[in-house]
Each structure stands twice: as structure tokens, then as C-alpha cells.
Amino acid sequence: MRKLLPLIGSSSGTHPGGRSSMTCRFRCGDACFHEVPNTSANEYVGDVIADALSRRSVMRAAAVVTVVTAAGTAVNVAGAQGAEAATAASRHPRPSHSAVPRGLRFTSVEPNTADTVTIPGGYSQNVVIRWGEPILRGAPAFDPEHQTAAAQAGQFGYNNDFLALLPLHGNQKLLVANHEYTDEILMFRGYDAANPTREQVEIAWAAHGLSAVVVEGDRRTGKLTPVLRHPLNRRVTATTEFRITGPAAGSALLKTSVDPTGRKAYGTLNNCSGGTTPWGTTLHGEENFNQYFANASRDTDKRYGIGTGASERKWERFDKRFDVAQEPNEVHRFGYVVEFDPYDPSSTPRKHTALGRFKHEAATVRLTSDGRPVVYTGDDERFDYFYKFVSSKRMRHGDSRSVREHNLSLLDEGTLYVAKLTGDSPAIEIDGSGKLPADGEFDGSGTWIPLATATAKGAVSHVDGMTAEEVFVFTRLAGDKVGATKMDRPEDIEPNPTSGKVYVALTNNTNRGVGSNAKADEANPRNANKHGHILELTERRNRPESTEFAWLLFLVAGDPDDPATYFAGFPKDDVSPISCPDNVAFDPHGNLWISTDGAQLGSHDGLFGVATKGARRGDLKQFLTVPTGAETCGPVIGERQVLVAVQHPGEITGATVESPASTWPDGPGTYVRPAVVAVWRKDGCDIGS
């Protein structure tokens, strides 16, 4: 048996969950060090899991307590765990290499701490585009020592997260990237956090948002090169005009002195993951928007984690809209899913209020059989919920202006739901350690609880004591009222395009079971959950519009030699260690790919592939690792190419421009720069073939 991998301790400057304290400071405003915003008495998913596991364990133990030997003698089985291991081994005999699913036939990368992107043997890579590269006409070359807001507004933004690679003509494709947040300490030499300058603040505004940039593919390899100053290239920033749409548009809750109509917002903040739509647009989740606002005092602000004092970046000194005391409704205009049309550089991006307001990690789409989009999205907060929106309008096919305008309205009418999970067993064995049940499965059922329905004629609330507008603006409070299940930071949620099953990445929750916080349950079986897990959800009759579902834990992350881990029942002696699943994606074969954020197993974060079906279901393999201090984001898994966003490289506590913790991607003497990387097979064959 392998020795358990070392944990990264406080000496490395990490916070709970494994992130650098510097990352926590600039990305989420030290959320883990503030009071948990959800103080409702709603059931915790860990309790749900524990209940179901317990019941199934008892049933399993009764079934295997004795076995008959060849001589007919009854012998005692040495515990349910051993029985499950034997059963798993019989279910998953060790297959040959040829049995490995297509897409996953590569040699796993070993855990490491190299300050580079480490990839399997036989593969090559290139940096596609870095922070600061000019993409718009008139934008100057990157000069970090003399950066300006005007220059940054025409250059690729900072801290790339979600990626989409959309089709164009020939070898060209359209790359869309989120720019989640800025780390001013690594952007500006001699940065004084207590006294930022207006120029620094305006550069940061320009470094947030989205980028669209055309890239040219090499016919012989997977290399991508940006086509600088292409007419389709575009930047969206923290000051770009947005259209507010859906049932809360025009509400008194959204009106400000700058926009008395409540229908026009300026900028998008903290765009984390996202999704692509079947009608050719991209969706972007506004996540930790709360950290940009100062001087809050209302209970609704507290539920969203908005601070009562100054903000980290001090933007309120330069624009009163970030001061809740002066502009109380401005904060209500962030926390939505943004829709962006990358094929129309003149289009106005939209904020869809019908999908609710919370810390959206992502937004992914599956169509019903009659062509109505269903959007899944998670609220990335400890003990918060995950949701789906079912549109009442059907997608139209075609590329005319009227068709595109219709499809851009699909997410404005329909019903918003929140998930409630129920375990199928009583909690008698769950002790918070995550020990596997006898049958090796944590599972149960669930319902989608309707919160509000938006129509062309108005909106109706399904939550007692809340108007429809209040549901869409204060969605967390609506989830509290209807008894939604508390989850361990639900992040990316992706439907499998080949099976329809939905996978929910639950990154971690070190607060579970600590103090008065909710303890382990069946859907979250570990207290002080530092490694996270992935839930697999199956809609009733495999119809995404259904209001009922079944669920099970597909993967419980951590060191495979830790008995608390679980890999869909696959034998654990040859799987890769994984910690803190974050973004997920699927390859063309239906394999799940997982990127990590804040891994706590002594290795850098990485990208992993795992089979979701067949004899090797649960066989997890690491495809790459990212440089020092970085997070793996945005994965796009194509047939011949993998793209990842290397976010916040060098973001280690104590690092500065003058004293960097990483020299990636350009080597010593240069600024560390977030960037997008492409990986392909040297022989030109398909990934993992």
C-alpha cells in the first residue's frame, strides 16, 4: 500500500480548502474566514448521504454476513468494507490496456510541484495567449511597467477561467474566455493595497470581464495561434454596457441613480465558469461579486456575504456604485448568468434575471425533446444550493437575425427550481469520516422545488412570503424558505452529452461538522471535507425538465489509499489521487474531465479524465498539472486537442512582482502571466486514442 500523500500545511500559506491565502484574498474576499452566509435550518447534504449509506450498509451487511465455503461451512465475513472490496474486484477485473476507453489511453502524469505545465509523454503544448496580449485594433503591445487602462481594454484580460472554442471557417476558431478577477500584487510593481491609484483601479476594471479572440489552428498539430486585431475580437470589461433581461428587469430593486430604469447595467465581475449554448452563444457565471462592494448593512446583503467595511480593492473610493451605503441597489445588479454573442461584435451582452441571483459558478445547457433549454447552475458557497431553469420557449434553428434574437430570449421565460436531496437509508453508521458503506454507494432521490415562473405577461412566485421579483433577486433566501439541501460548494454542473446524466462538482467544505455547522450526511459523507466529491444525478426518465431525480456519489476525492475515498467502485490501487474538483467537461466519448482548485495532496492542481460507464467506470487518470500557485480552469476537451486556462500562476502568499513565486510562462525576469494552453498528441492522432 502506498503511503498517504502529504497534506499541504499552514506553513505554505494555505487557507482551508487548500488555496493560497493570497488567492482567497483576491478571488473570493476570504469567504472561508467569514461567517457562513446560510444560517437556515435546511437539511445538509452530508446528513442526507449518511442516512442513505447507513440504510444500504445494514442491508448489505445482512446479505453478506455469512458465505458458504466449498465444504458447506458458514464463515464470518470480516466486515462490510472487505465484502465491498471483494465485490468491487469482481465487478472490475483488471482489464488490459486495450480495455481502457477511448479518450483515456495515455500514461498518467505523476503528482508533482514543477513550475510548468506537465503533460503525458508523446504530447506537445503551446501557450495560446497570455494576459496583456493585444487583441483589438489599436491596442499596444504588453508593457507591464507602463500599463494603462486604455491599453488593457484592448488586450487579453487577467486570470482566464472558463473557455469556449467555437467553430469558424477553415482552420480558424473563436476562443472565448472569462477573466474572473485581478491580483493587483502580481500586476503592479510596488502595489500599495491600502492606497491603490485611480489608474491601477481602472486597469483592474479593464482586466475583468470576457475576451473573444480568433485563433488559427496548425493543420499538422494542435497548436493554436491568436489572430490579433481580427474583426471578431472583442473585450467586455467591468464598465461595458449590459442589458438586464427577464422578470426582474425594471424592478425597483434594480434601479440606481445611474440607471433609473433598472434595465441597463455596467460591467460584469468575477466571471468564473460558464457554458456554451446550442444556439451559438456563451454563458458566464458571475460568482464572488460580493467582494467588490463596501459598507453593506442589510440582512439581504449579509446572506450574500457582502462586507460591512471597505472592500479589498477600494473601488468604492473611485466609483460610488461600489459603495452600498450610497448606491444600495447596484449590488443587486450582479450575481447573474451573463449571455454573450461572440459572433456579433456589436451585440449587447445580457444579464438573465430568470436564472436567479447568487454566486453562479457556471451555467450549462441541455435541451428537452421538444427543444426547450434547461440550464443547470450551482451556487459556489459553503452550505448553499444548486439550481436549474427550465425554459418555456423552444429553440429555433437558423442564423437569421430574427432567429438569433428569439434564441437570445430563451432564458427569460420559464421556471427556476432548487434541488432537495433525500437519502434512502437511516443514519446509523455515518461518523463523518467518509468511510465507505458496505454496498459502496452513497445514493438517494431528489426533487426540484419550483421557486418562481416567468412568462411574457409577468412572473409568479411559488415561495410563500416572497414576490417573484424578490425570488429572482434574493434567490438564496427563496432556497432557504423552501428547504433546499445544503451542499459543499456546488461549482460546475455539466450534463453528459452521451448519457444525459448530470455531474455536480462539490469542491470542498472544511466547515462541515465544525462547531454548530451541519455535520456529515449521505450526500456529503465527510466532516471537515477538504477534498470534495462529485455527485451524479439522473433525471426521471432521463428528461431534463423532470421535477424528480435519482442521485449517487460518483467520486469521493482524496488519496486513493485513504479509506474515505471512492472512485465509482473501481479498484483504487491504480487511480490517480485527486483533490478539490472544480470545473468539469466531457470529451467526445462521454468521459468526464475534472480540473481542480486548491488540491491538498502535496501536488499542484491538475486535469483528470475518468470513465463514466463500462468496466472501467471510476478509473481516474491525471492528464496534466499546472505551475506553482496556479489553478486548472476552463477545460475544453476536443478530439485532437485539450485546452486549459492556467489561472493565477505564482499566487503564493508573500509573492510580489519583485519577488515572484513562479516564472511561468516566459521565464526569469518576466512578469508571471495567466495564460491559455493547448495540448495535443505529437503524432497527430486523437487525444487518448
Side-chain angles (χ1 to χ4, degrees), residues 2 5 18 100-114 117-121 123 125 161 163 273 362 491-494 496 503-508 530-536 553-562 565-614 616-627 630-638 641-647 677 679 687-689:
R2 294 176 304 206
L5 292 167
V100 175
R102 287 190 62 194
L104 299 178
R105 297 170 188 169
F106 54 83
T107 301
S108 296
V109 168
E110 291 297 319
N112 67 81
T113 56
V117 175
T118 303
I119 58 178
Y123 285 77
Q125 61 176 297
D161 195 305
L163 301 174
S273 190
E491 299 222 22
D492 203 357
I493 303 177
E494 295 269 353
N496 188 324
Y503 292 80
V504 183
L506 300 154
T507 295
N508 56 48
K530 66 180 69 174
H531 298 302
H533 49 285
I534 292 178
L535 181 145
E536 181 184 78
L553 290 195
F554 174 72
L555 184 149
V556 180
D559 189 334
D561 283 340
D562 184 342
T565 59
Y566 174 74
F567 295 78
F570 193 83
K572 300 193 296 180
D573 57 343
D574 198 34
V575 299
S576 296
I578 184 172
S579 178
C580 301
D582 190 351
N583 298 152
V584 294
F586 288 92
D587 66 20
H589 315 291
N591 301 306
L592 179 69
W593 288 67
I594 307 162
S595 63
T596 65
D597 169 20
Q600 293 197 75
L601 292 172
S603 175
H604 286 173
D605 280 309
L607 178 67
F608 303 76
V610 58
T612 60
K613 60 185 179 180
R616 298 197 76 112
R617 171 178 160 91
D619 186 6
L620 182 90
K621 304 179 69 176
Q622 183 158 12
F623 182 75
L624 60 75
T625 55
V626 292
E631 172 190 347
T632 321
C633 294
V636 176
I637 317 299
Q641 185 179 69
V642 169
L643 262 69
V644 293
V646 178
Q647 192 188 73
V677 172
V679 182
I687 297 292
S689 64

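Along the sequence shown, residues carry numbers from 1.
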Exercise for the section: Could you tell me which non-hydrogen atom of Val575 sits nearest to which non-hydrogen atom of Gly618, and how far apart they are? Expected result: CG1-O, 4.0 Å
Practice task
To the nearest 0.5 angstrom, please state how far the CG atom of Asp597 sits from the OG atom of Ser273.
Solution key: 11.5 Å
Handout entry: Gap separating the CZ atom of Phe623 from the CD1 atom of Ile637, nearest 0.5 angstrom
Key = 7.5 Å
Practice task
Not counting sequence neighbours, which residues clear salt bridge (charged side-chain N to carboxylate O under 4.0 Å, His left out) with Glu536? List them please.
Solution key: Arg617
Problem - Distance (rounded to the nearest 0.5 Å) between Thr596 OG1 and Ile578 CD1 - result: 6.5 Å
Handout entry: Least distance between heavy atoms, Ala557 atom then Thr565 atom
Key = O-CG2, 3.5 Å
Problem - CA sep, side-chain torsions, deciding dist, call: Asp619, Leu104, side chain to side chain contact (heavy atoms under 4.5 Å, CB included) - result: CA-CA 9 Å; Asp619 186 6; Leu104 299 178; over 6 Å; no
Problem - Rounded distance [0.5 Å steps], CG in Leu620 versus NZ in Lys572 - result: 12.5 Å
Handout entry: Spacing of Thr507 atom OG1 and Glu491 atom CD [to the nearest 0.5 Å]
Key = 3.0 Å
Fill in the blank from the handout: By side-chain hydrogen bond (donor to acceptor under 3.5 Å, both in side chains), Asn583 pairs with (sequence neighbours left out) Glu361
Problem - Nearest-0.5 Å distance, CD1 of residue Ile687 to NE2 of residue His589 - result: 9.5 Å
Handout entry: Asn591: side-chain hydrogen bond (donor to acceptor under 3.5 Å, both in side chains) partners, not counting sequence neighbours
Key = Asp587
Practice task
Measure the shortest side-chain to side-chain distance between Pro111 and Pro577 over non-hydrogen atoms and say whether it is less than 4.5 angstrom.
Solution key: yes
Exercise for the section: Using the side chain to side chain contact (heavy atoms under 4.5 Å, CB included) rule, take Leu624 and Tyr123 through it: C-alpha gap first, then chi angles, then the decisive distance, then the call. Expected result: CA-CA 11 Å; Leu624 60 75; Tyr123 285 77; over 6 Å; no
Exercise for the section: Could you tell me which non-hydrogen atom of Ser576 sits nearest to which non-hydrogen atom of Phe567, and how far apart they are? Expected result: O-CE2, 3.9 Å
Practice task
Check whether any side-chain N or O of Asp492 sits under 3.5 Å from a backbone N or O of Asp582 as a donor-acceptor pair, and report yes or no.
Solution key: no
Exercise for the section: Quick one: list whatever passes side chain to side chain contact (heavy atoms under 4.5 Å, CB included) with Val636, sequence neighbours left out. Expected result: Leu163, Leu165, Leu643
Handout entry: Residues in ring-ring contact (aromatic ring centres under 6.0 Å, His included) contact with Tyr503, at least two apart in sequence or another chain
Key = Phe554, Phe586
Exercise for the section: Output all residues satisfying side chain to side chain contact (heavy atoms under 4.5 Å, CB included) with Ala630, sequence neighbours left out; order by chain, then residue number. Expected result: Val626, Pro627, Val646, Pro649
Problem - Over all atoms of both residues, closest heavy-atom pair of Ala611 and Arg616 - result: CB-O, 3.4 Å
Practice task
May I ask you to check whether Ser579 and His531 show a side-chain donor-acceptor distance below 3.5 Å?
Solution key: yes
Handout entry: Criterion side chain to side chain contact (heavy atoms under 4.5 Å, CB included) on Val644 and Val679, from CA distance to verdict
Key = CA-CA 8 Å; Val644 293; Val679 182; 5.6 Å; no
